[in-house]
Amino acid sequence: MTIPPIIRGIWKNMALYNFSMIFNPFFDLFIGGQRRPAFFDIDKTFPALRLIDQHYTEIRTELEAILPRQDLMPRYHELDTDLIYASGRFNRDKRWNVFMLYCYGAKPERNRTLCPRTVAVLDRIPNLSQAFFSILDPGKSIPAHSGPTRTYIRYHLGLKVPENKPPQIRVKDTLYTWKEGESVLFDDSWNHEILNESDGLRAVLIVDVLRPLPFPAHQFNLLLQGLGRIFYGPRVLKAADKFHL
């Protein structure tokens with residue numbers, strides 16, 4: 001029996017998803033397990049991310065230049081089928097678009113050419129795993145879910161936030177409301193969701209960086225990041241390259 005390509009793709013993603021999850025108990029030994037924080041102080045945890053804050057104006061300008069071509073951008077599940085429900089089946093009449101700039105060593109050159117100042121800043125961030133613009137249509141919420149792995153922590157820089165009923169993200173039991181020019185750092189392996197009743201577009205820059213860990217957990221984390229460069233980054237790059245702005 002021939003397995004349809006879409007089913008093979010989902011299986012590959014799920015295999016990687018489940019593989020990364022099995023190491024969470026190991027990382028929990030170093031980060032506090034169920035007592036680990038949901039949000040982090042950027043200056044204490046990963047101060048290099050403040051470099052992105054400092055270039056907010058240039059990053060927003062480059063985002064504004066590509067937003068008129070949002071219709072040509074992929075929805076998140078078109079790059080990563082793990083997100084099929086959140087991106088393609090929940091509020092399915094509204095879009096969650098992704099403009100990928102870096103993914104586990106993979107660099108979508110067409111996209112990066114359109115945002116040279118942004119990628120120049122990203123290339124200076126140590127232990128970078130992934131970076132992309134995340135764009136939500138008005139009223140597009142994201143249902144509760146958890147990231148698969150403790151290996152990274154996630155940074156958001158607010159670039160476009162509607163003034164009327166600005167959308168919020170709930171991480172564990174804490175709500176955060178995005179603000180333009182403001183950044184936040186959190187652990188997306190906690191249950192989280194986006195609550196969005198706004199009437200305008202919401203856009204943020206998402207940056208994943210390796211979670212700061214002591215020896216030997218950091219070395220093991222680097223190994224897992226290397227596997228992501230082999231198995232995940234190239235697949236996302238291939239999918240992203242199908243969409244031309």
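Note that this is a predicted model, so its numbers are computed, not measured.
A distance-only check finds a donor-acceptor pair linking the side chain of Asn24 to the backbone of Pro148 [under 3.5 Å]. In this structure, Asn97 contributes its side chain and Ile135 its backbone to no donor-acceptor pair below 3.5 Å. Put simply, the side chain of Gln225 gets close to the backbone of Leu128: a donor and an acceptor are under 3.5 Å apart. For Asn91 (side chain) and Lys94 (main-chain N/O), no donor-acceptor pair under 3.5 Å exists by modelled atom type. Within the 3.5 Å criterion, the main-chain N or O of Leu101 finds a donor-acceptor partner in the side chain of Arg112. Panel note: side chain Asn127, backbone Val209; no donor-acceptor pair is recorded below 3.5 Å.
You'll find the ring centres of His218 and Phe30 outside the 6.0 Å limit. Between Tyr155 and Phe46, the ring center distance fails the sub-6.0 Å criterion.
Side-chain contact check for Arg170 and Asn191: at least one donor-acceptor pair (N or O, by modelled atom type) lies under 3.5 Å.
Proximity of Thr177 to Leu175: side-chain heavy atoms (C-beta onward) are nowhere separated by under 4.5 Å. Under the 4.5 Å side-chain criterion, counting only non-hydrogen atoms from C-beta, Ile42 is in contact with Ser183. Side-chain contact between Leu159 and Phe133 is present, with heavy atoms from C-beta onward closer than 4.5 Å. Using a 4.5 Å cut-off on side-chain heavy atoms (C-beta onward), Glu180 and Tyr56 make contact. Residues Asp188 and Tyr152 are in side-chain contact: their nearest non-hydrogen atoms beyond the backbone lie under 4.5 Å apart. Between Asp241 and Arg110 the shortest side-chain heavy-atom distance falls below 4.5 Å. Between Pro167 and Val161, some side-chain heavy-atom pair lies under the 4.5 Å cut-off.
Looking at Arg211 and Asp187, a side-chain N of the basic residue comes within less than 4.0 Å of a carboxylate O on the acidic one, giving a salt bridge. Salt-bridge check for Arg50 with Asp43: passed, with a basic side-chain N closer than 4.0 Å to an acidic carboxylate O.
In this structure, Leu49 is a member of the same hydrophobic cluster as Leu122, with clusters built from ILVMFWY side-chain heavy atoms closer than 4.5 Å. Residues Ile206 and Ile169 are members of one and the same hydrophobic cluster, defined by side-chain heavy-atom contacts under 4.5 angstrom among Ile, Leu, Val, Met, Phe, Trp and Tyr.
With rounding to the nearest 0.5 Å, the separation of CG in Leu185 from OH in Tyr176 is 11.0 Å.
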For salt bridge (charged side-chain N to carboxylate O under 4.0 Å, His left out), just list the numbers for Glu78 and Lys242, CA-CA rounded to whole Å, side-chain angles, deciding distance to a tenth of an Å, and then say yes or no.
CA-CA 10 Å; Glu78 293 176 305; Lys242 295 178 182 177; over 6 Å; no

Evaluate side chain to side chain donor-acceptor pair (under 3.5 Å) for Ser189 paired with Arg36, printing each intermediate quantity in order.
CA-CA 10 Å; Ser189 69; Arg36 71 191 188 279; 3.1 Å; yes

Evaluate Ile153 against Asp208 for side-chain contact (heavy atoms from CB on, under 4.5 Å), listing each step before the verdict.
CA-CA 6 Å; Ile153 51 179; Asp208 294 339; over 6 Å; no

Given Asp71 and Arg95, is the salt bridge (charged side-chain N to carboxylate O under 4.0 Å, His left out) satisfied, shown in steps?
CA-CA 9 Å; Asp71 288 343; Arg95 298 168 298 178; 2.4 Å; yes

Evaluation steps, side-chain contact (heavy atoms from CB on, under 4.5 Å), between Ile194 and Trp96
CA-CA 11 Å; Ile194 293 175; Trp96 180 11; 5.7 Å; no

One pair to check against side-chain contact (heavy atoms from CB on, under 4.5 Å): Val204 and Arg202. What are the steps and the verdict?
CA-CA 7 Å; Val204 301; Arg202 188 238 58 173; 3.6 Å; yes

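Using bins of under 30°, 30° to 60° and over 60° for the plane-to-plane angle, the ring pair Tyr232/Tyr104 lands in the perpendicular bin. Relative orientation of the His192 and His145 rings is tilted, given thresholds of 30° and 60° on the angle between their planes. The aromatic rings of Phe220 and Phe27 are tilted relative to each other, their planes meeting at an angle between 30° and 60°.
No option in His55, Gln54, Glu62 other than His55 meets the side chain to side chain contact (heavy atoms under 4.5 Å, CB included) test with Glu58.
Within a 6.0 Å radius of CZ in Arg124, no more than 12 heavy atoms belonging to other residues, nucleotides or ligands are found. Within a 6.0 Å sphere centred on CD of Glu109, other residues, nucleotides and ligands contribute more than 12 heavy atoms.
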